[in-house]
Amino acid sequence: MTARLRRDPAFVLAAAILGAWVAVALLAPQLAPYPSDLQLDLTRLRESAPSAAHWFGTDGVSRDVLSRLLVGARVTLLMGAIAVGTSLGLGVLWGSAAALSPLWLDRLLMRTIDACLAFPRLVLLLSVAAAFGQLPPIPLAVVLGATGWFGTARLVRAELRALAERSWVVAARALGAPEPRILRRHVLPALVGPLAVAASLALAAVVPLEAGLTFLGFGVRAPAASWGSLLAEAADRPDALWWMVLFPALALVSVVASATVVGDRLRRHFDLGDRA
Amino acid sequence: MRLLALLAVLGCASPDASRTATLVVATSAEPSSLLPMFVTETQGRAVSEQLFDRLSEIGPGLNTVGDAGFAPRLAERWEWSADSLRIAFHLDPRARWHDGQPVRAIDVQRALQLVKDSRTTAPQASDFGAIDSISVTDSLTATAWFSRRSPQQFYLAGYLLFPVPAHAIAGIAPDSLRTSAFARAPIGSGPFTLVSWLPQDRIELRAVADHYRGAPTLGRVVWQYASEASVSVRRLFAGEADFMETLSPPDVAELAKYPEVRAVGYPSFDYTLLAFNARDPVRHTQPHPLFGDRALRRALTMAVDRQQLARALFDSLGAPGLGPFVRAQAFADTTIPAIPFDVVAARATLDSLGWRLGANDSIRTRGGKRLAWSTLVPASSKNRQKAALILQAAFKAVGAEMTIEGLDFAGFLARQDARRFDAAIVGWRPNAGAVSLPQTWGRAGLRPGGNNLASYASDTFDAAVDSGVNALSPVEQRRLLRRAFETIIADAPAIWLYEPRNVAGAHRRVAVPALRPDAWWADLSRWTVAARLPRDTVTR
Amino acid sequence: MGRAAVVRLLHALGVIAVVVTLTFALARLLPGDPFASIADHPSVDAAWRARLRTTYGFDEPLLAQFVRWCGAVLRGDLGYSFSAQRPVRELLAHALPWTLLLSSVALTVGGVLGIALGSGQAVRRGGWADRLTGSTTLVLASIPDVVVATAVLVLFGQRLRWFPIGGATGLDGGGAGDVARHLVLPAATLALLVAVTLARFHRAAMVRGADADYLLAARASGLSRWRIFWRHALPNAIAPTLTVIGVLLPILLTGTIFVEKVFAWPGMGSVLANAVLARDYHVVTAVALLSTTAVVVASAAIDALLAWLDPRTRAR
Amino acid sequence: MTTPFFEVRALSVSATSATLVAPVDFAIAPGRSLALVGPSGAGKSTIARAILDLLPRGLTRRGSVWLDGVAIHDGSGPWRARRIGALFQDPTTALDPLMRIGAQIAEVVRAGGERDHRRAARIAIDALAELGIDAPDARARQYPHELSGGQRQRAALARALVLRPALLIADEPTSALDVTTQAQFLAALDRRRGTDGLAVLLVSHDLAVVAAHAEEVLVLAQGAVVERGRTTDVLRSPQHAITRALCALHAPSAPRAPHHPSDGAPIIATQRLTKHFPVAAGWRTTHTALHAVDDVTLSVHPGEVLAIVGESGCGKSTFARLLPRLLEPTAGAIHSGARDVRALNGPALRRWRASTQLLLQESAASLDPMRTLDDAIREGLRLHAADAPHTHDARVRAAADAVGLGRALLDRPPAQCSMGERQRAALARALVVDPDVLILDEPTASLDAVAADHLLAQLAAIQCARTLTLIVITHDLGIVRRLATQIAVMYLGRVVEHGPAAEVLATPAHPYTRALLDAVPGAAGVPIAGDVPSPLAPPSGCVFHPRCTRPDRNDDCTRRIPPLLDIAPARRAACWRAAPALPETLA
C-alpha cells in the first residue's frame, strides 16, 4: 500500500524536502552562523548583498538573513503545524457532528459552513487579527487554522456519510457490531487518508497566507522571524533587496510545493478524486 | 533616444510652456475631505489648499506671533483695532469663487460660524475659542472680534480660517456638511479648481485662468493615489509621476539609478518619539509601575544611541530628536543639553534603582518583577518598526526587555487614545507655533481625549510653557520656552528619537522652488514644468 | 424543478443574511472606529474623535446600529464611508466595474489557459512537456501572490516600461486602448495565478477520465484525436474544473486584494483592504454583502451550468 | 481458403519487464465467431486491444494482424470502425454520457466519410432500427442514462456496426447484462452474423455464452493459449485443468432435492414485507416511493437452501438487507420461530444479526482495507463469542480452513489478496460466529469462473456439513441449479413464483420464470422483449403484463394484482393464468 508511494519519486522528493526542513527547524540554533536577532553592525552592515561572510546577505537592521531563514523555519513550520492541527480538529469535530446529527441539525451545520465558505477568508482573517492586535505566533497560527477549516468539515462529513454506506461498515453492522465500535474501528481509521490529504493541502495554503498577513501588517511579532515576515520585509522592493526576497521565497516555495505534491499523491493514493 | 528627449526638455522650463503642463503628484493617502476645515492630514491639505485660499499666507520664517511676515491673499490688507481685540480684513475685490461669485465678508463670517459649531465636527473647533465672532462691516470687510489678546490672534483668523462660499452651502445643515456632495466637489477660491475625484485613483485639478492672483503657471495638477507606497515610488521612477512628497532613505539611494528623477531636500515638521506612559495603562489614576519613575526613564534614555539610530534609519537624511519640537520651528533651540548616550551610566542607574541582573539572567528584576514592557508600534510604518528593533536591542544590552506590539493604524490610535499602553512609538507633527504645547505635554492635555499621551505632569514645565506661549515677542518666547524644554528633556517623559529630513522626489522637468517644511505645496501654483510629455496637453 | 429553485433561493438568502450579520458583528468587535482614517495623524485631538463618534451614532449600542444599518440597506442606502469620504454606494459603484473587468478577464484568460495547459499535460502525460509544465505551475502556485505581482510590476512596468504602473486609466481619460494597457499587467498576473491552479486540477480530471471506456470506444471507432479530445475527453473532464472555478471565485474576489494593492487597481480588493484597516464598518459589511451575493449567485450559476452540461442531472 | 479474411500471426504483448501475452495465432472466416475464454487476468482483453492497437500506455505489441491479406500496423489507417468494429464490456461507460445516442453514432458515420450531417443522422437511426431497438428516432435523441442497460449495449453495438465492418471484436459484451437482455443482445448479434457475414471475435469468461454463440474457442491462461478447437469438442472433452474448471460451473447438474421436509417451524418467515424508498420529486407532489420490495411473504425452514432469483432491480438485495434489519421495513413482519424480529433492539438485535449472517454482494470489498483478514474474521468472535479470547485463534484458523483460505493469508490486508481469497475471507468471517442462516447476495458476481466454481463447491460442502440454512440471492440460474433446494422468483419487488427447485426449474408456472429459463444461453426459447419497468411507476395489475407472452393473458392481468397462491403442493405462483384452482371467493 505504502510501497507504491515509496516508489513514486515526486512523493519521495517532496516528503524528503519537508523532512529536511523539519530537521533544519529542530537544529536551527546550531546551524545558524549568527544569532538570528543580533544586529551585527547598524552602521556598516545594513542591507548588504550576499557575501562570503553572509551568504544570504543582511537585512535592514544588519541581521544575518541566512540565520533568520533557518530560525524562521521553526516559526513557519510550527505555525503551519498548529494551524493545520487547529483546522483539522475543528473540521473533524464539526464534520462528524453534522454527519452524526439528525437531518435538521445536519442541514443547519452545513448551511453555516456554506456561509463561511462564501465569506472571504481574508476579511475574516484580517478582522480577527485586527481585533486581537498583533498576536504571538501560536495564537496567530490558531487563528489561521480557525478560519480555514470549513472545507475540512465538509470533507469529513462527506467521507463519514460515504463510509457509513461502505460495504465493510455494513458488513460490520451485519456482524452485529454496535455503532460506537463501528465508528471507532472501521470509520475513523478510514478518515486518516482524507485527513492526511487535507492536512498537506492546508499546510500549502496556510504558509503563504501567513506571508500575506504579514504583508498587510498582521503577521509575526518582531523580532521573531517567519519566512512570511522575512519576505514581507522587502516584498515591495524585490529589485533592490533581491536577497531578502529570493531566499525566503525559495524556502517558502519548497515547502508549499512539497506539501502540495504530498497532498496530491496522497489524494491519488487514497483515491479521493476531487473531493478533497 | 529617451535621453536626447530628456536633454531637450531640460533648461527650457518657461512659464509659458508650463501653462499647458500637467504635474502629477504621486501619493499614498487620499484626502479625508476637500474642505479645509475638515482636513487634518498633509496629503489632504495639499489638495484642499489649492482649491481654497486663506485670508493671508504665513511668511517663510513660519512666525505665528503677531502678523509679521504674513502676506495678503483673499484679504488684500487688514488693520488692528487700538485695543488689539479686533482685526478688520479687507477682501480683494477681484477674488472670485470658482462659480464666478465674488468672495465676500459673509463668506468669512460663515466660515467661523461653521468651524465653531460642534455639529460640524471640525477638528480645530477648540482652537478658535479665542475668536469671539466675525462681523460683516461691509460686503468686502470682515471684522474678527477676539475675547482676549494672544500672540496667535492673527495666525488664527488670518491663516487657520478658510472662508467658505456661503451661497453654495446655504442649504446644507452643519451636521451633514462633512458628508455632503459639496465636501467632495467644493467650490473654492484657490488657484485650481476640481475637475474630478475618482476614489482610490486620482484627483484632477485644473488651473483657474482668471484667478485674482494671476493664472497659475501649471495647466493642471493630478494627485495619483496608490495605497502601496512602493507603487507611487515606481511611478516616479518610471516618469509617470512628477513629484512625490517624501521618499524613504532606501528610495533616495535607489533614485540615483534614474537620471530623470532627482531628490529635493527640505526641512521637516515631523518628529518621532518613544513615549513612556507615566500612568498605569489600566488604572489611570495610578502611576505606571515602571515609567512613573523619572530615574528609570532617564536610565533607559541613556541606553539609546540616538545618533546611531538616526543614522541607521536615515543615513544623512535624519537627525536625532531634540525634544518636543523640531529644528524648523521658529523657537527651536538646538543648544539644550540632551541626556547623553551612556550605557555604563544607564546600567549603574538601573542597579542603583534596585533593578538587578542575576548571574544567569539577561533581564533585570526587582522584587521578583522583570524589567519588561510592551511598546506599541504602527505596523504600517517601516521606519518606526525598524526603530523599535534597534531600541529593543539597545534596551536588551542594559538588561531590559521591550516587546514590540505592531498594530494597524486604527488599532494603534484606539489604544493610544485610551492610553492603554506601556510605551508607544509616536510620530508627531506640531503646528508651526507653540500653541499646542500645553495640550500635548501640559496638564491641560491630561483630561480624557487630551493629547498628553505620556501623561507628563510638571508644574515647572506648565508654568514656563504658559508664559512662553503667551509671550508677545519671538525673542521672549524663545527664552521662556527654553526653560520649559530643559525641564521636560531632563524629566525624560519620552525618548526623542529622530527628526527626519524630508526628501521629495521630482522629475527633472519640474522646477521646484524652496519647499516649506510645513507645507511643500504652498507655492504650487508658481511651479513650472518643461512641458514635453504626452500628458502636457492642457488647453485653456 | 420549481421547488428546488425556491429552496435554493431561500438557502442563498439565508447564507447571505448569516454572512452579513456575522460581518457586521465582526467589524464592530474590532478596536478603533471609522474615524481613524480621518484622524490620520495621532497628533490630532482625541476629544474631537470622540465627538465624531457621537455625532454619527457610532457610540450607540451595537444592536441599534445593526437595526439602523439593516433598515438603510433595505432602502438601498449602504451608509457613508468616512475613509473614502463618500456614500458607500458611490464608492462601490466606482470600484465594482473595475473588479468585474479585472476578474472576468483574468478568469477567462486564466481559465482558458489553465484548461489548455491541463489538457495539454494530460494528453502528453508522462512526457517532458507535462513534467516541465507541471513543475512550473506547481512553483508558480506556491509563490505568494504579492511576490508574483510585485515581480511582474517591477519587470514590465518599472524596468521595461512596457506597461503603465498601476491605476486603471491614463490621465487623459482612457478609451478602451488605454484601459487595456493598464489592464494587461494585473490581469496577466491574476490570470497566471488562476491558470496554474486550474491547470493542476484540470490535468488531474483529464487523467482520471482518460481510461474511460467511451474514449476507448471513440478511438476504436476511428474518430480523430481532435474530435475525441473536443467532443468527449474535454466535456467529460470539465465538470470538476468548473467546480474548482466555483471554489476559486470567493478567493478570486478577495484574492484580488494583493494584486489590486500592488497594481493600485481601483477595485473592490483595494476598497476592502483599506476599509478593514480603516475600520470602515459600512464598507466592510457592504463588500461582504456584495461578494457573498456574487459568490452565491456565481455558484448557483456554475451548478446550473454543470447541470446543463450533464444531461444526467439536467432537469427533465 | 489460402488467405483467411482475418488473421493474427504471432501476436504478443509485453510490458517493459514482463511478457503479458505469449505469441498467439488465429484466424476468423466471414460469418464465423471465435471466442477467447479464460479466467480473469488470462490476457483475453489484452489481445483484443492489441488487435485494435489500443493497448494501454507502456504495453507494446509484436507480431502482425492481417485483414484481407494486408497487414495492419496501427490505428492511423482508416480500418477502425470501417473494417473492424469494437465493443467493450460495460454498457454504462461505453457511451459518452454527455452526448445523445444518435450523435454518437452519427459522428462515427461522419468519421467514416459521410459529409452530410442530416444523412449521417439518418444512417444512425437506421443502424438503431436494424438492431431491433424500438422507436429508434426517439432513442437517437436520448442520452445514454435514459436508456436501460440492454438498450445501451445495443446502441453501442449499433455504433460499432454502423460502418458495416467485416469483423467485430466484442469484449465481454454481456457480462454486465441481465439474462434476458443478454439473450436479446446475443440474438441480435447472431442475426448480423447471418445476414452480413459479420465475423466476431468474442471475449468472454462465460462458457455458456461461448457454447451457444461461437464456433471456435481459444482457452487462455496466464497469457498463453492452453487449449483450442471447435467449441463443441472443447466443451465435450476439456483437456486442460482450466478448461475443466470453466466447464464445471456450467455443467448441467440436477437440481438438489430438499434435505428435510419443510413442515417444521420456519427459521425465517416474512409476512407481507414491504420496503419503499422515498424519492424527492416535483414541487407539489413532495415524495413518490420507490417500490423496492412489495408485499413479500416467504418462509425458509432450517437446512433449506432458498435461491431468490430475478433480474437487477427486482428487489432481491433490498430483501436480503431487510432480514437482518440492516434496513427497516416499511411494512410487514419478520418472524423467527416465535420471535418477532421487528421488535428486537439493542443487544438482542445485534445477536439476531450475528445469527443471520449476510454476505454482501460486493463482499470482496466488504473487508476493512485497514485491517488484516485475521482481524476481520476475529471481529465476530470478539463481539459475540462467550469463550475466552485465547480460544479464538483456533476458531479463526478453523473457519479459514473451512473456506479453504490459506493460513498464510491471514496476516495480509485485503489489498494483497485476490478477489477469490477476499470472498472466502468474508465467508469465513460470516461462518466463524456459527450463524443459523447465511444470506449470500450474488456470491460469485465479482469472481471469474474458476474462482466461482471453487467457492460454490465450498459452500455446498459447508452447507451439508453444518446443515446451515442458506438464502442465495442470484441472477445466475447455474448457481441455482447447483445449490438451491427452493426457489423464489422475484420481479419488480414481488415474488412471482416459489417452490422446490427441481419442480420450478422443470415446470415453471409463471411466464417470467419461463422467460428466465429461456434466456439461458443455449436454451431453445425465444428471448422475451423489453426491459424491467421502473420501480418508481410499476405497471398496473400484474407487474409483468407488459412483457408477458402468454397467449391467454386478459384484462385481469392489466387491472388486478395477482396474489401468490398455491398452485400445487408446496408451489405458489402469482399469475392469474397459472392458478388452476382459483377459489371463487377471490375471483
Side-chain angles (χ1 to χ4, degrees), chain B residues 22 24 29-33 38 40-41 43-44 118-119 121 123 125-126 175 179 183-184 198-202 204 222 224-228 230-231 234-235 237-240 380 408-417 426-430 436 439-440 447-451 453 534-535 537, chain C residues 30-52 55-56 80-87 90-91 94-95 98 150 153-154 157-159 161 164-172 260-267 270-271 273-274 276-279:
Chain B
T22 299
V24 178
E30 287 189 75
S32 60
S33 178
F38 294 126
T40 52
E41 75 296 336
Q43 293 91 340
S118 71
R119 289 172 299 167
T121 66
S126 54
D175 57 356
T179 59
R184 292 192 289 287
L198 307 177
Q200 308 186 86
D201 198 356
R202 61 170 172 259
E204 184 176 340
V222 176
Q224 278 215 304
Y225 298 102
S227 59
E228 272 306 293
S230 59
V231 174
R234 294 210 166 87
R235 280 177 165 151
F237 288 173
E240 287 179 35
S380 50
D408 67 298
F409 199 72
F412 179 82
L413 274 188
R415 291 274 296 275
Q416 175 206 290
D417 283 1
V426 178
W428 210 257
R429 182 180 299 125
S436 61
Q439 274 295 321
T440 42
R447 70 196 153 80
N451 277 352
L453 300 181
R535 60 176 175 259
T537 53
Chain C
L30 309 190
D33 58 53
F35 306 107
S37 60
I38 300 181
D40 175 72
H41 211 271
S43 16
V44 165
D45 197 359
W48 167 64
R49 279 199 289 273
R51 201 160 66 240
L52 279 172
T55 308
Y56 293 101
Y80 189 84
S81 161
F82 284 92
S83 66
Q85 288 299 314
R86 59 191 69 226
E90 197 183 310
L91 179 67
H94 274 286
W98 292 122
T150 314
L153 181 66
V154 168
Q158 186 183 339
R159 286 289 158 90
R161 297 195 181 183
I165 294 166
T169 50
L171 289 176
D172 290 302
E260 286 191 4
K261 250 179 112 67
V262 170
F263 291 101
W265 188 259
S270 300
V271 168
N274 294 343
V276 170
L277 292 177
R279 306 292 192 271

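Sequence lines set the chain letters: A, B, ... in the order given, protein chains first and strands last, and positions in each chain run from 1.
The contact between B:Arg184 and chain C is made entirely by side chain atoms (from C-beta outward), counting heavy-atom distances below 4.5 Å. Only the side chain of B:Glu240 comes within contact range of chain C, with heavy atoms under 4.5 Å apart. Only the side chain of C:Thr150 comes within contact range of chain B, with at least one heavy atom under 4.5 Å from a heavy atom of that chain. If you measure heavy-atom distances from C:Val262 to chain B, the contacts under 4.5 Å come from the backbone alone. Residue B:Ser230: no heavy atom, backbone or side chain, is found under 4.5 Å from chain C. Heavy atoms closer than 4.5 Å to chain C are found in both the backbone and the side chain of B:Val231.
Most heavy-atom pairs under 4.5 Å with chain C: of the set B:Pro199, B:Ala226, B:Ala414, this distinction falls to B:Pro199. Each of C:Arg86, C:Gln158, C:His94 has some count of heavy-atom pairs under 4.5 Å with chain B, and the biggest count is that of C:Arg86.
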Exercise. Evaluate the side chain to side chain contact (heavy atoms under 4.5 Å, CB included) criterion for residues B:Leu413 and B:Arg415: first the C-alpha distance (whole Å), next the side-chain angles of each, then the deciding distance (0.1 Å), finally the verdict.
Key: CA-CA 5 Å; B:Leu413 274 188; B:Arg415 291 274 296 275; over 6 Å; no

Self-check item: side chain to side chain contact (heavy atoms under 4.5 Å, CB included) between C:Gln85 and C:Tyr80, worked out
Solution: CA-CA 7 Å; C:Gln85 288 299 314; C:Tyr80 189 84; 3.5 Å; yes

Self-check item: Residues C:Phe263, C:Ile165; criterion side chain to side chain contact (heavy atoms under 4.5 Å, CB included); working and verdict
Solution: CA-CA 7 Å; C:Phe263 291 101; C:Ile165 294 166; over 6 Å; no

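Across every non-hydrogen atom of B:Val426 and B:Phe412, the tightest pair is CG2-CZ, 4.4 Å. Nearest heavy-atom pair across C:Trp265 and C:Gly167 is CE3-O, 3.5 Å. Residues C:Gly267 and B:Gln200 approach most closely at O-NE2, 3.7 Å, considering heavy atoms.
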